[in-house]
Amino acid sequence: MMTLSQLVLASHNAGKLKELQALLGNAVRVRSVGEFSDVAPEETGLSFVENAILKARHAARLSGLPALADDSGLAVDALGGAPGIHSARYAGGGGDAANNAKLLEALREVPDAERGARFVCALALVRHAEDPLPIICEGLWQGRILHAPRGTEGFGYDPLFWVPERGCSSAELASAEKNRLSHRARAMLQLRQRLGLA
Ligand SMILES: O=c1nc[nH]c2c1ncn2[C@H]1C[C@H](O)[C@@H](COP(=O)(O)OP(=O)(O)OP(=O)(O)O)O1
Ligand SMILES: [Mg+2]
């Protein structure tokens, strides 16, 4: 088991940082990579796992502390799994609103029965920048893509993601509820178990 007194969260996404912090609880003192650098590393991996490791190593190198990274995204069946690892850059850097608009447009003609999608989260924890055995945890969240945005909570694609088990979009869920159901919640539960925190 790894004992952690401090941990750097290797994300520049405010919505994600808030969720990761809440999900970790207060057993670990958390810092953010933003304290050390404003520059995000290039996400050149071919998988969520590779990108999570790359971001975690980068933050560990900058901070000299153990680092936890989250690489996540939305995989849409009708788009062959896109935007996938490219979710954050789907509309070429225009941010969440542009990404959501592009997704709605790509699915304009697609009927409800074919609008299945899942959120994917890979977490990577490294003890130091060259850790040869990162801890990897994964989580999935199955849903469907709406025809128009709903709700104002959360971030990213939440307004377009229909949560069948709750009958609303993920942007209509209170944060505590999203943190019980989400891909990130599932991956984080595994991680907490691996670390002996759950
Ligand atoms: O719970 C979620 N609810 C809605 N959207 C979400 C969620 N989880 C991931 N997403 C979307 C946001 C972004 O379009 C992409 C993550 O991209 P990803 O590279 O992992 O994160 P990022 O660039 O925003 O921040 P960073 O890399 O600094 O952690 O998937
Ligand atoms: Mg990113």
Side-chain angles (χ1 to χ4, degrees), residues 1-45 47-74 85 87-88 96 118-142 153-158 161 163 165-166 170-171 173-198:
M1 195 205 303
M2 189 191 291
T3 49
L4 291 169
S5 52
Q6 271 194 70
L7 184 64
V8 175
L9 294 181
S11 176
H12 295 273
N13 179 321
K16 220 194 241 188
L17 283 168
K18 194 169 153 230
E19 291 183 11
L20 289 170
Q21 239 152 50
L23 289 165
L24 263 172
N26 40 27
V28 183
R29 178 162 170 237
V30 165
R31 319 260 307 255
S32 155
V33 69
E35 291 177 39
F36 302 93
S37 170
D38 291 331
V39 185
E42 245 196 286
E43 297 181 25
T44 54
S47 64
F48 294 104
V49 170
E50 286 164 284
N51 283 336
I53 293 173
L54 177 157
K55 288 188 274 190
R57 290 199 194 290
H58 177 79
R61 197 169 296 121
L62 284 168
S63 65
L65 292 168
L68 174 65
D70 163 311
D71 198 58
S72 47
L74 183 67
I85 60 166
S87 293
D96 291 343
R118 73 204 52 77
F119 274 126
V120 179
C121 174
L123 295 175
L125 176 62
V126 298
R127 287 156 291 187
H128 57 85
E130 269 124 57
D131 189 341
L133 193 59
I135 294 181
I136 306 296
C137 298
E138 291 153 38
L140 300 179
W141 195 16
Q142 201 67 39
E153 301 295 314
F155 66 97
Y157 295 94
D158 281 331
F161 189 76
V163 181
E165 66 266 42
R166 287 297 179 275
S170 60
L173 292 174
S175 61
E177 185 67 353
K178 183 181 173 192
N179 285 343
R180 275 191 286 272
L181 300 173
S182 78
H183 51 316
R184 186 163 297 107
R186 285 169 206 193
M188 191 60 97
L189 178 61
Q190 274 180 29
L191 182 69
R192 289 166 52 92
Q193 287 166 345
R194 290 278 295 273
L195 295 176
L197 298 173

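Numbers for residues simply follow the sequence, beginning at 1. Every heavy atom of this structure was used, including side-chain atoms; hydrogens, water molecules and symmetry mates were not.
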Please report the shortest heavy-atom distance between [X] and [Y], naming the atom on each side.
| X | Y | result |
| --- | --- | --- |
| Val126 | Pro134 | CG1-CB, 3.9 Å |
| Phe155 | Glu19 | CE2-OE2, 3.3 Å |
| Ala52 | Ala69 | O-CB, 3.2 Å |
| Ala22 | Asn179 | CB-ND2, 3.7 Å |

Kindly write out the residues that satisfy salt bridge (Lys or Arg N to Asp or Glu O under 4.0 Å) with [X], not counting sequence neighbours, or none if the list is empty.
| X | value |
| --- | --- |
| Asp158 | Lys178 |
| Glu35 | Arg31 |
| Arg180 | Glu177 |
| Arg192 | none |

- Message: Going by salt bridge (charged side-chain N to carboxylate O under 4.0 Å, His left out), name the pairs with one or both residues in residues 133-142, residues two or more places apart or in two chains.
- Response: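 Every pair satisfying salt bridge (charged side-chain N to carboxylate O under 4.0 Å, His left out) with a residue in residues 133-142: there are none.
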Kindly write out the residues that satisfy side chain to side chain contact (heavy atoms under 4.5 Å, CB included) with [X], not counting sequence neighbours, or none if the list is empty.
| X | value |
| --- | --- |
| Arg186 | Trp141, Glu165 |
| Ser47 | Val49, Glu50 |
| Gln193 | Leu189, Ala198 |
| Ser32 | Leu17 |

- Task: Go through the structure and list residues passing ring pair (Phe, Tyr, Trp, His ring centres under 6.0 Å) with Tyr157, not counting sequence neighbours.
- Result: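 For Tyr157, no residue satisfies ring pair (Phe, Tyr, Trp, His ring centres under 6.0 Å) once neighbours in sequence are set aside.
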- Any chance you could lay out the side chain to side chain contact (heavy atoms under 4.5 Å, CB included) test for Arg29 and Leu65, step after step, and finish with the verdict? CA-CA 11 Å; Arg29 178 162 170 237; Leu65 292 168; over 6 Å; no
pair [X]-[Y]: side-chain heavy atoms closer than 4.5 Å:
| X | Y | result |
| --- | --- | --- |
| Arg127 | Ile135 | no |
| Asp70 | Cys121 | yes |
| Arg184 | Leu20 | yes |
| Val28 | Leu197 | yes |

- Could you tell me which residues satisfy side chain to side chain donor-acceptor pair (under 3.5 Å) with Asn51, sequence neighbours excluded, listed by chain and number?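 Asn51: no side chain to side chain donor-acceptor pair (under 3.5 Å) contacts found.
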- side chain to side chain contact (heavy atoms under 4.5 Å, CB included) between Glu43 and Ile85, worked out: CA-CA 9 Å; Glu43 297 181 25; Ile85 60 166; over 6 Å; no
